Amino acid sequence: MIINHPHLGPRDAQEFVYLGDASLMDRPDWQDENAADNFHDYLYLRDNPDGEHRELWYHEQGDRSWLVVTRNTLTHEITRVELARDVAIAMRRRK
Amino acid sequence: MGYSGWKVIWQGLTGNTGWKPAWREPDPKPSYDVIIVGAGGHGLAAAYYLAKEFGITNVAVIEKGWLGSGNIGRNTTIIRSNYLLPGNEPFYEFSMKLWEGLEQDFNYNAMVSQRGILNLCHSDPQRDAFNRRGNSMRLAGADAVLLDADGVREMCPFLDFDNARFPIKGGILQPRGGTVRHDAVAWGYARGADSQGVDIIQNCEVTGFVMESGVCMGVETNRGTIRAKKVGVAVAGSSGRVMAKAGMRLPIESHVLQAFVTEGLKPVLPGVITFGAGHFYVSQSDKGGLVFGGDIDGYNTYAQRGNLPVVEDVCEGGMAIMPMIGRTRLLRSWGGIMDMSMDGSPFIDKTHIDGLYFNGGWCYGGFKATPASGFCFAHLLAKDEPHPTATKYRLDRFRRGAMIDEKGVGAQPNLH
């Protein structure tokens, strides 16, 4: 798989480390009254879809940036690559 | 029709005209006592034991593709019971005991071959850890022998003992481990279940679950609605997408594991050998090919194929312990989809939906578990309580802090 890095261009997926579903960026509020349940779901449950999947990759052998990669889990086709930082900032603005 | 050596000889002399299909191809009935989704090893074994041990024969096994088209036909055929943790070891030892009597039990040649499994260790602390694991195995009634380097050298003189980075210091041997002809396991269970009245319905995809006032009453399929008092799902690899149809999210990610086979060679490997410093395991098939594998690719996927970096990594692991493997040519490689759970251990449990039962999360260790998984799932379906060896495989164990994490790496499925 080739990941088209927003800054560095096309890079072999071998240079990256995979973390998992991009929803891991969205930590639950620890002060919420249902925090224990929310953290259980956040830590242990996954959507695990077939088809389009937004996921976190870390460019360990490169510029050490975190990326949000949109990839199809049936074909391995990568349709979108964003800096996780940008996604996080946009997410905070929406809140 | 029972199989025997005499029958083979008689049929050979009479032109092999007397063989009948090993199972029927029935149309689905409108309703059953139990429906099992997934005619793979675990689903067929569950149906077999439901009929044989628990007397429930009004059972259907429904399968999207053909019988045994999933991981039962894609694995590296290894059986073993060399686990450490008390939640796991008694279960896998139960499985090993079922393997030992399996062929006589279902009257089918599954080529169970207890040629031994040898886990190599490469440092003193690793030997201490193996010592502990061996004791844990023996406490659960399994067999384990701790070997020093000379003991390993006697068995496998061809290994790279004086490797500069990972010298071989010894190993732990489970003589009762070995290999089994994987497809024959599916066929044997299918034939055994079918002969007791279980309907195996192939090319029948589950498109949804029949829910009535919060209770699962059957499944919707591309061949119509089939009702049942209980539905058991045993579709490891596809658990995420099947259980999503019941609105469930699971502590599972789907990952691809690749496996490899070389050209056929004369007998060179005495049994199964695993590398203790990287991830590599190899055995030799009865046809002569070296069958081996290593790590999963490490990203979510439902595609039954992997990528080249892992191919290279696995072959490097092989070269590190067994340089002679470099002289043989790789014939085939393939991938299978694994339910990678959050602690590396499986689930055999009721769901929060009445009438819906789940068996999955086998990571890449499901094949060896096939008989016990089927037995324990049948026990749960028949009696509504877990089999004594499978009481820890609960879906809510993360909430209770009762993980069964053999490797101790936490909730990161691609590290198990």
Side-chain angles (χ1 to χ4, degrees), chain A residues 1-5 10-28 34-62 66-81 84, chain B residues 64 235-245 247-256 295-313 335 337-343 347 352 360-361 394-403 405 410-415:
Chain A
M1 289 188 296
I2 304 287
I3 295 176
N4 197 3
H5 192 293
R11 310 298 307 183
D12 194 323
Q14 214 180 344
E15 297 175 2
F16 295 79
V17 173
Y18 180 83
L19 183 70
D21 195 304
S23 66
L24 290 171
M25 290 169 69
D26 195 12
R27 282 172 78 88
N34 299 319
D37 279 344
N38 295 343
F39 268 101
H40 167 266
D41 294 359
Y42 166 82
L43 260 176
Y44 297 114
L45 300 186
R46 298 285 183 271
D47 287 336
N48 195 21
D50 55 348
E52 197 169 89
H53 188 230
R54 273 162 60 85
E55 54 202 22
L56 286 163
W57 292 75
Y58 175 57
H59 200 190
E60 190 181 41
Q61 307 292 324
W66 281 95
L67 302 182
V68 174
V69 176
T70 306
R71 191 177 55 94
N72 190 314
T73 58
L74 292 167
T75 62
H76 297 168
E77 186 195 8
I78 293 172
T79 47
R80 194 161 176 210
V81 183
Chain B
K64 178 176 81 169
V235 293
S238 293
S239 293
R241 51 181 165 186
V242 172
M243 296 311 278
K245 296 180 204 298
M248 282 182 70
R249 295 174 79 220
L250 299 172
I252 286 172
E253 286 178 3
S254 293
H255 287 258
V256 64
D295 272 323
I296 54 175
D297 273 38
Y299 43 82
N300 281 53
T301 176
Y302 284 96
Q304 284 177 320
R305 59 190 161 76
N307 275 296
L308 288 171
V310 168
V311 177
E312 192 178 9
D313 181 64
I337 305 304
M338 312 291 129
D339 272 10
M340 295 304 296
S341 68
M342 290 289 158
D343 58 358
F347 306 96
H352 68 281
R394 305 292 303 276
L395 278 163
D396 67 350
R397 64 176 180 253
F398 303 101
R399 202 179 284 279
R400 292 181 289 114
M403 282 78 95
D405 192 342
Q412 185 61 42
N414 61 356
L415 297 183

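A note on names: the letters A, B, ... follow the listed sequences, proteins ahead of strands, and every chain is numbered from 1. What you are looking at is a predicted structure, and each value in this text was computed from that prediction instead of being measured.
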Residues that B:Q412 engages under side-chain hydrogen bond (donor to acceptor under 3.5 Å, both in side chains), provided they are two or more places apart: B:N414
Under 4.5 Å from any heavy atom of chain A - which part of B:N300: both
Option in A:D21, A:D41, A:L45, A:L19 with maximal non-hydrogen atom pairs under 4.5 Å from chain B: A:L45
Side chain / backbone / both / neither for B:A411 at chain A, heavy atoms under 4.5 Å: both
A:H76 to B:T301 - nearest heavy-atom pair and separation: NE2-OG1, 2.8 Å
B:L308 atom CG: more than 12 heavy-atom contacts under 6.0 Å: no
Minimal non-hydrogen separation, B:E253 against A:G20, with atom names: OE2-CA, 4.3 Å
Between B:D343 and A:Y44, a side-chain donor and acceptor under 3.5 Å: no
Leading residue by heavy atom contact count with chain A [cutoff under 4.5 Å; candidates B:S254, B:S239, B:G240]: B:S254
Pair A:H53 + B:Y299: ring centers closer than 6.0 Å: no
Side chain to side chain contact (heavy atoms under 4.5 Å, CB included) against A:T70, all qualifying residues, sequence neighbours excluded: A:E52, A:R54, A:T79, A:R80, A:E82
Qualifying residues under salt bridge (charged side-chain N to carboxylate O under 4.0 Å, His left out), relative to A:D47, sequence neighbours excluded: B:R249
Contact origin within B:L250 toward chain A - heavy atom pairs under 4.5 Å: backbone
Interchain contact, B:M403 with chain A, by part (heavy-atom threshold 4.5 Å): side chain
Residue part contacting chain B, namely of A:D37, when any heavy atom lies under 4.5 Å: both
Heavy-atom closest contact (A:L74 atom, B:R305 atom, distance): O-NH2, 4.2 Å
Pairs of heavy atoms under 4.5 Å with chain A: top-ranked of B:A303, B:G410, B:A244, B:S341: B:A303
Gap separating the CG atom of B:D339 from the CG atom of A:N48, nearest 0.5 angstrom: 7.5 Å
Per-residue contacts, residues 394-402 of chain B versus chain A, heavy atoms under 4.5 Å: B:F398, B:R399
